[in-house]
Chemist: 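Below: one structure in structure tokens.
As the structure lists them, so they are numbered: ligands from 1, and atoms in each ligand from 1. Bear in mind the structure is a predicted one, so any value in this text is a computation, not a measurement. Values reported hereafter were calculated over all heavy atoms of this structure, with side chains retained and with hydrogens, waters and symmetry mates removed.
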Amino acid sequence: MKKNVIVSYVFLLLFSCTAFAQSVKRNVSVVTENTCLVFSVDSNDELIFRHYGKKITDLADFSKNLFTPTAHQNFPSVYPTYGGRSYILPALKLTHDDGVICSELRFVDIKTNNPEPNVTETVIKLKDKAYDLLVDVHYTAYYKEDVISQYVTVRNMEKGSVNVEQVASSYLPLRAESYYLSHFYGSWSKEMRMKEEELTNGVKSIESLKGVRTTQCESPIFIISLNGKSKESEGEVYGGALAWSGNYKLSFQIGEDKLLSIVSGMNPIAAALKLDNGEEIKTPEMILTYSSEGKNRMSQNFHHWSRRYALAHGYDSRPVILNSWEGVGVKFNEDKICEMIDDAASLGVELFVLDDGWFGNKYPRDATDAGLGDWQVNRKKLPHGIDYLVEHAKKKGMKFGLWIEPEMVNPNSELAEKHPDWVVKTDRYTAYTERSQWLLDLTNPEVQDFIVRTIDNIITEAPELVYIKWDANRYANNVGSSYLPADRQSRFWYDYVKGLYSVYERIREKYPDIMLQACSSGGGRMDFGSLKYHDEFWASDNTNAVDRIFIQYGASMFFPASAIASHVSVAPNQQTGMSLPLKYRFDVAMSCRLGMELQPKEMTEKELEFAKSAIETYKRLRPVIQNGDLYRLISPYDGVDRASLMYVSENKSQGVFFVYNLGYHERNERCMVRMQGLDPDAEYKVYELNIMGRPALKKGDIRLSGRYLMEVGIPLLMNKTHDSCVLELIKINK
Ligand code: DGJ
């Protein structure tokens, strides 16, 4: 080899070692029990995303890096901006005061903090390379639950104002051979339909521009499975949920390098945020989890986290409810409601909820076109007020709750007459009504005060009211605010949700024990942003058990059973016209938070007897269903005409198993579902519950090992189209 060739070789080696030594200055990780996020600060002080997945404790290998400072597209930034050498959809896009449209962030500092032993907060401080613009990326790691949440703050320290046109909550890059996205689409009464599809090159977006009840048609949640369709108990999956009750956008982009870039956050359409000097914006939180054991583990992570950190009264047991809506609508009087309470009490129901129709005097709420906004009790229907009903329920050993739709106003109302400026509208376009109602402008603190005052008045008049069903039955359109200045109209989407959350904060602060249901037209606010203030959500106005199997299965991916309100209603069903056996209706509703949505007066003696016994059974099983671990066994989406799931208590001493037919199974077929989550070495006593007609399980004392139940399965006689079966499993202590 010639001398000059050797010299250049040595030089190249030295150079690459230097470049290599310079390329990673420092590694940073955010860890949970089984997962971790790893970032590196490179020689340019750029913060590079390195890993999110199985836990790696020794970060040394991340420094022995294989990349050079020129290969950035392979190692994307933790929070990509529009600018620099990034060509993917940006997490941040803004215009500086001087008109410059690019940004480049550099690492400044990192701070960690442990507000409690299970929780670590990490704040990574970034600053624009050329401007006084500060971006903090906040991570909160929930150790035991394997959940990491992320949000971002942007502070403008530039002299003039900055126009923020896109500010995502999180950016997540993933690398695999193929990616499968599960998302949750639908419409009113057909919510949470799960759809899995392979992502291809380009961009797929999941979004809402509806402002209110944003989770009926799509949901700000996703599951990504690597290298194949997702499975329940194996495979690498990522679950993400944006905690935001307003417009959102989740983008999934596969680029030339096969990297999947997921940008999640508020929808940037018509939502630019102007930040003056010193002003800061905080994004909603994006909640993430990773599971190397499939979707079921992913869901359990979300459920554990929800109960501990995300739901109001997360571990408290939820009462059995009778809600008046499908039973009597808005047509009732005091006697009718008292009778309903009496009947509910004799069924063992624990809480009666009076739905729509109880308010409005000048504009009585006798139909949906009047009264919203006038939250005074209708004296004609209820001459003795709400407190009288609360007392009546109390005498029957029951609690009482009330429906309200405080973000809305009917044009036919005293409120609309008095405060036309509180309505969301513009001067030149029509303020279209939906369901004969307008939206109130929650960006306006006066409107926020009005809602808090309304709740205050209701509770002052009926101090023992324990539950509020919070409805919201329209979207936002032609938005405009009389409160926001002209140059801040596009803050509407952000400020509306912030206004709503501030109302919730105030209510929660004053009434920490009150139970709140996020109803929102059924399924319209199934998001972790609003759930923080709620005990549960009304998953759908569709109470038809067959549809509920699909809706609840979808919802179970992220939300625990205690949060999913599910009510038994009449046959034929009011929405679908389908007639299902009462047993089937109960068996489906009992897999979540059980309630009823009918007029008990219209039930036969036999039905009442069955309902009473099923409610009693539910109360006994409630701790396992509401706080146990969920195992999904057969998906209704798999097209096998059957669905099955079970719950197992933490110590595995008790289990509750559900199976539902969705089609006819030929008569020699036996249903043998393999269970999960039991103690393989323990023996379980197996009982069938809610029997009506022919039992599914052979009668007698059945004792089987957990191993047998999980490896072989128990044969059940389940052939008819709408057969269902509930089993209880009790561990025998030897
Ligand atoms: C829509 C809700 O989802 C129903 O449960 C009921 O409360 C009606 N609104 C009342 O108007």
Chemist: Can you pull out the closest protein heavy atom to atom 9 (N) of ligand 1? Residue, atom name and distance to 0.1 Å, please.
Modeler: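 Its nearest protein heavy-atom neighbour is Asp471 OD2, 2.6 Å.
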
Chemist: So is Glu597 in contact with ligand 1, going by heavy-atom distances below 4.0 Å?
Modeler: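 It does not, in that no heavy atom of Glu597 comes within the 4.0 Å cut-off of ligand 1.
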
Chemist: In the protein, what heavy atom is nearest to atom 3 (O) of ligand 1, and what distance, to one decimal place, separates them?
Modeler: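 Closest protein heavy atom to atom 3 (O) of ligand 1: Asp541 OD1, 2.4 Å.
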
Chemist: Cut-off 3.5 Å, side chains only: do Asn690 and Asp587 have a donor facing an acceptor?
Modeler: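 Present: a donor and an acceptor within the cut-off.
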
Chemist: I need the nearest protein heavy-atom contact for atom 11 (O) of ligand 1: residue, atom name and distance, please.
Modeler: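 Nearest neighbour among protein heavy atoms for atom 11 (O) of ligand 1, to 0.1 Å: Asp356 OD2, 2.6 Å.
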
Chemist: Run the numbers for me: atoms of ligand 1, each under 4.0 Å from some heavy atom of Trp538, listed by number.
Modeler: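 Near Trp538, meaning under 4.0 Å from one of its heavy atoms, ligand 1 has 3 (O), 5 (O).
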
Chemist: Using heavy atoms and a threshold below 4.0 Å, how should the contact between Asn473 and ligand 1 be classified: side chain, backbone, both, or neither?
Modeler: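 The answer is the side chain.
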
Chemist: Examine ligand 1 and decide if any of its atoms is less than 4.0 Å from a heavy atom belonging to Arg213.
Modeler: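 Checking ligand 1 against Arg213, which is what was asked, there is no heavy-atom contact under 4.0 Å.
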
Chemist: Taking atom types as modelled, is there a side-chain donor on Ser556 or Arg632 under 3.5 Å from an acceptor on the other?
Modeler: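 Side-chain D/A pair, Ser556 to Arg632: present.
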
Chemist: For ligand 1, which part of His567 has a heavy atom less than 4.0 Å away: the side chain, the backbone, both, or neither?
Modeler: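 Near ligand 1, His567 shows nothing, with every heavy atom at 4.0 Å or more.
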
Chemist: Under a plain distance cut-off of 3.5 Å, with no hydrogens placed, do Arg365 and Asn410 share a side-chain donor-acceptor pair?
Modeler: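 There is such a pair (donor and acceptor under 3.5 Å, judged by atom type) between the side chains of Asn410 and Arg365.
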
Chemist: Which residue owns the protein heavy atom closest to atom 5 (O) of ligand 1, what's the atom, and how far is it?
Modeler: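 Here the nearest protein heavy atom works out to Lys469 NZ, 2.8 Å.
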
Chemist: Name the residue from Trp305, Trp244, Tyr309, Tyr248 that meets the ring-ring contact (aromatic ring centres under 6.0 Å, His included) definition with Phe528.
Modeler: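 Output: one option passes, namely Trp305.
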
